Engineer: 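Quick one: the structure is below, and I'll ask about it shortly.
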Number of protein chains: 2
Amino acid sequence: MTTAKHPQSNDKKKAKRIPLTKAGILNASLKLADEQGLEQLSMRKVAQSLGVEAMSLYNHIKNKDDLLDGILELVVSEFELPPIDQSSWKKSLRQAAISAHQVLLKHPWAAHQMISRVSVNPARLAWSNATIGCLHEAGFSYEITDHAWNAIDNHIYGFTLQSVNMPIDPEEFSDAAKHYLPMISEEQFPYLCAMANKVAEGKHSGINEFEFGLNLILDGLERLLED
Amino acid sequence: MTTAKHPQSNDKKKAKRIPLTKAGILNASLKLADEQGLEQLSMRKVAQSLGVEAMSLYNHIKNKDDLLDGILELVVSEFELPPIDQSSWKKSLRQAAISAHQVLLKHPWAAHQMISRVSVNPARLAWSNATIGCLHEAGFSYEITDHAWNAIDNHIYGFTLQSVNMPIDPEEFSDAAKHYLPMISEEQFPYLCAMANKVAEGKHSGINEFEFGLNLILDGLERLLED
DNA sequence: TACTATATACTTACACCGTAAGTAGATCAA
DNA sequence: TTGATCTACTTACGGTGTAAGTATATAGTA
């Protein structure tokens, strides 16, 4: 049962035109991107989900790039920003990084967009400002703050991208390892085989933890402060 | 002057058909991807560069995904693998990470492909095996090796993706900061403005160093070994 | 209320994409 | 030389983003 959001075809003579809005287009797009992935997101599909024709979207958004910019902004506005508090900067940054990671997992298409486009949208600027503020108030110079911010971002987006692009469910790592092992020459790739064997035998889950690498970075930053 | 790689149109009656090969297709594709970016890489364009029609490619490659798999394998085979040497594991991993980063900068489309597809191609397996081997022989358990490998990869790909997608040349950071500063509310985003000001004034280059975050990770791993 | 201007949704069309299916030509083996 | 197989070409299809023009709805003014 299709919900007629813009009833053009039904009761054309009676219905008032419900105007499209940029917000409506962005929300529909976000929903489709989340459900079907970004590669399946087309202007025609967005339009169809709204009960209009694709070209109508262009009265409200400049182009597809504008639309992608807009939906990314919706996602980033879900990030929990680190409070700027000198005494618990490490805990704040860890929590904010975890929040960003979790939001990006909810929208699997978003990490790559995050890393692919520069933006001066408000949520994006707020995210940057809060991270910089937290680091700077912790005592880092702006130069080290910049490097630290970059290192943390590399981790968040790198980790998330690897996670969302992993075609195997964590619960299935053991079975997958068993499946791939025969394809891999133990003579050529002994260490890879040994590790895959650990996973196949259930001695190691094969699941990577977001906080492992993050802690290396945050602990290292803390030591910089002590120097 | 177009080089007729497959002379069909010229001297059709005299020339012997130079057969397409998968390697030829992959090399042409790699060249085009490097010159024009992956989004501009189409089967028609590859075919045109080889002097044939697009559908001919399908005798040699399964589909476009097979082609992308193939060109990524060419790139990964340029990576310098870490020697497996217990006494200088840190130096080896740093050098290998730098090598991978540099190769991926040479092929700006490749980092995202690296992070987007799972592969059992030989160069890919060799890269994984060498990293795992280096870490394991350094003394890490396979479980910690897995986490460490993941943290290093997050850094390499995260950093590289941010670099290649940065639309501003490092030499132009100062001018760009001056350009963007008026667009950003100092009241709303004080820290971001302050940092951008440092860059605009030339007091901080704004250039992120690959080794900053990498060193945090490697130093942190070293400390794990000492525990 | 009628008219006009503007906003907005629809339609037609285009260039481009990946690739299925069929046709034509080249090569190889007997 | 003939026939089989391989390989390049052609036609076509469903899909993409969006330019340009047409039709409809809305808002403002006299």
Side-chain angles (χ1 to χ4, degrees), chain A residues 2-26 28-29 32-33 35-71 109 113 116-117, chain B residues 2-26 28-29 32-33 35-71 109 113 116-117:
Chain A
T2 305
T3 304
K5 306 235 168 123
H6 293 87
Q8 310 288 345
S9 46
N10 304 331
D11 297 325
K12 185 178 273 189
K13 288 179 183 172
K14 300 181 186 173
K16 198 164 215 175
R17 185 192 264 179
I18 302 177
L20 279 180
T21 60
K22 182 163 183 176
I25 293 166
L26 294 181
S29 303
L32 281 174
E35 287 170 356
Q36 301 179 11
L38 207 58
E39 291 187 5
Q40 301 309 311
L41 182 73
S42 71
M43 306 303 270
R44 287 181 169 93
K45 283 185 187 153
V46 175
Q48 188 186 35
S49 79
L50 292 169
V52 299
E53 296 294 327
M55 293 307 298
S56 304
L57 304 185
Y58 290 88
N59 288 308
H60 305 270
I61 54 165
K62 202 179 311 173
N63 50 38
K64 189 166 178 186
D65 196 65
D66 190 30
L67 181 132
L68 296 180
D69 224 42
I71 62 174
W109 53 270
Q113 290 297 306
S116 299
R117 56 180 67 236
Chain B
T2 305
T3 305
K5 307 246 166 110
H6 293 88
Q8 310 291 346
S9 45
N10 305 330
D11 298 323
K12 187 177 273 189
K13 289 181 184 171
K14 300 183 188 176
K16 198 166 215 172
R17 184 192 264 178
I18 304 176
L20 279 182
T21 61
K22 183 163 182 174
I25 293 166
L26 294 182
S29 303
L32 281 175
E35 288 170 357
Q36 301 178 12
L38 207 58
E39 290 186 5
Q40 302 308 311
L41 183 73
S42 71
M43 307 303 272
R44 288 179 167 92
K45 281 184 187 152
V46 176
Q48 189 186 34
S49 79
L50 292 167
V52 299
E53 296 294 328
M55 292 308 297
S56 306
L57 303 185
Y58 290 87
N59 289 306
H60 305 269
I61 55 164
K62 199 179 314 172
N63 50 38
K64 189 168 179 185
D65 195 67
D66 190 29
L67 180 131
L68 296 179
D69 224 40
I71 61 174
W109 53 270
Q113 289 298 307
S116 299
R117 56 181 67 239

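Since this is a predicted model, take the numbers as computed values, not measurements. Convention: sequence-line order gives letters A, B, ...; per-chain numbering from 1.
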Engineer: Mind checking if K45(A) touches a base, just sugar-phosphate, or nothing, with heavy atoms under 4.0 Å?
Structural biologist: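 Sugar-phosphate contact only.
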Engineer: What is the distance, to the nearest angstrom, from the CG atom on L20(A) to the P atom on dT26(D)?
Structural biologist: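 Distance, rounded to whole Å: 13 Å.
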Engineer: Within the structure shown, what part of the strands sits under 4.0 Å from L67(A) by heavy-atom distance: base, sugar-phosphate, or nothing?
Structural biologist: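 Result for L67(A) = nothing.
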Engineer: What is the separation between atom CD on E53(A) and atom P on dA13(C), rounded to the nearest whole Å?
Structural biologist: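 Checked: the CD to P distance equals 15 Å.
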Engineer: Any heavy-atom pair between the side chains of D69(B) and Q113(B) that's under 4.5 Å?
Structural biologist: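 SC-SC contact between Q113(B) and D69(B) ruled out.
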Engineer: Has K64(B) got a side-chain atom pairing as donor or acceptor with S42(B)'s backbone, closer than 3.5 angstrom?
Structural biologist: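 No.
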Engineer: Select one nucleotide: of dA8(D), dT8(C), dA20(C), the one nearest the side-chain heavy atoms of V52(B).
Structural biologist: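 Nearest nucleotide to the side chain: dA8(D).
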Engineer: Starting from P on dA20(C), measure out to OH on Y58(B) and report it in whole angstrom.
Structural biologist: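 From Y58(B) OH to dA20(C) P: 7 Å.
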Engineer: Do D65(B) and R117(B) have side-chain heavy atoms sitting under 4.5 Å apart?
Structural biologist: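 Yes, close enough: below the 4.5 Å cut-off.
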Engineer: For the side chain of A54(A), counting heavy atoms from C-beta on, which of dC10(C), dA8(D), dT18(D) is nearest?
Structural biologist: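 Among dC10(C), dA8(D), dT18(D), the one nearest the side chain of A54(A) is dT18(D).
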Engineer: Considering only heavy atoms and no angle criterion, is a donor-acceptor pair shorter than 3.5 Å present between the side chain of N59(A) and the base of dA9(C)?
Structural biologist: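 Side chain to base: pair present.
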Engineer: May I ask you to say what I61(B) touches in the nucleic acid, namely base, sugar-phosphate or nothing, with a heavy-atom cut-off under 4.0 Å?
Structural biologist: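 Nothing: the residue I61(B), judged by heavy atoms under 4.0 Å, touches no strand.
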Engineer: In whole angstroms, how far is the C1' atom of dT7(D) from the NE2 atom of H60(B)?
Structural biologist: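 In whole Å, dT7(D) C1' lies 6 Å from H60(B) NE2.
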Engineer: Do Q48(B) and R44(B) get their side chains close enough for a donor-acceptor pair, meaning under 3.5 Å?
Structural biologist: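 Result is no, nothing qualifies.
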Engineer: If I take atom CG in residue L41(A) and atom P in nucleotide dT18(D), what distance separates them, rounded to the nearest angstrom?
Structural biologist: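 Between P of dT18(D) and CG of L41(A): 12 Å.
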Engineer: What's the closest nucleotide to the side chain of M55(A) if the choices are dT18(D), dT10(D), dG18(C)?
Structural biologist: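 It is dT18(D).
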Engineer: Starting the side chain at C-beta, find the nucleotide from dT19(C), dG17(D), dC10(C) nearest to S56(A).
Structural biologist: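 From the listed options, dC10(C) comes nearest.
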Engineer: Nearest whole angstrom, please: distance from the P of dA19(D) to the CE of M43(A).
Structural biologist: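 Rounded to the whole Å, the gap is 10 Å.
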Engineer: Got a donor-acceptor contact below 3.5 angstrom from the S56(A) side chain to the V52(A) backbone?
Structural biologist: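 The answer is no, because no donor-acceptor pair under 3.5 Å joins these two groups.
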Engineer: Expressed in angstrom and rounded to an integer, what is the separation of Q48(A) atom CD from dC10(C) atom P?
Structural biologist: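 Nearest whole value for this atom pair: 13 Å.
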Engineer: Give a yes or no on whether a donor-acceptor pair under 3.5 Å exists between the nucleobase atoms of dG18(C), that is its base, and the side chain of R44(B).
Structural biologist: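 Side chain to base: pair present.
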Engineer: Let me know the distance between CG of L38(A) and P of dT16(D), rounded to the nearest Å.
Structural biologist: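 Distance check: L38(A) CG to dT16(D) P gives 13 Å.
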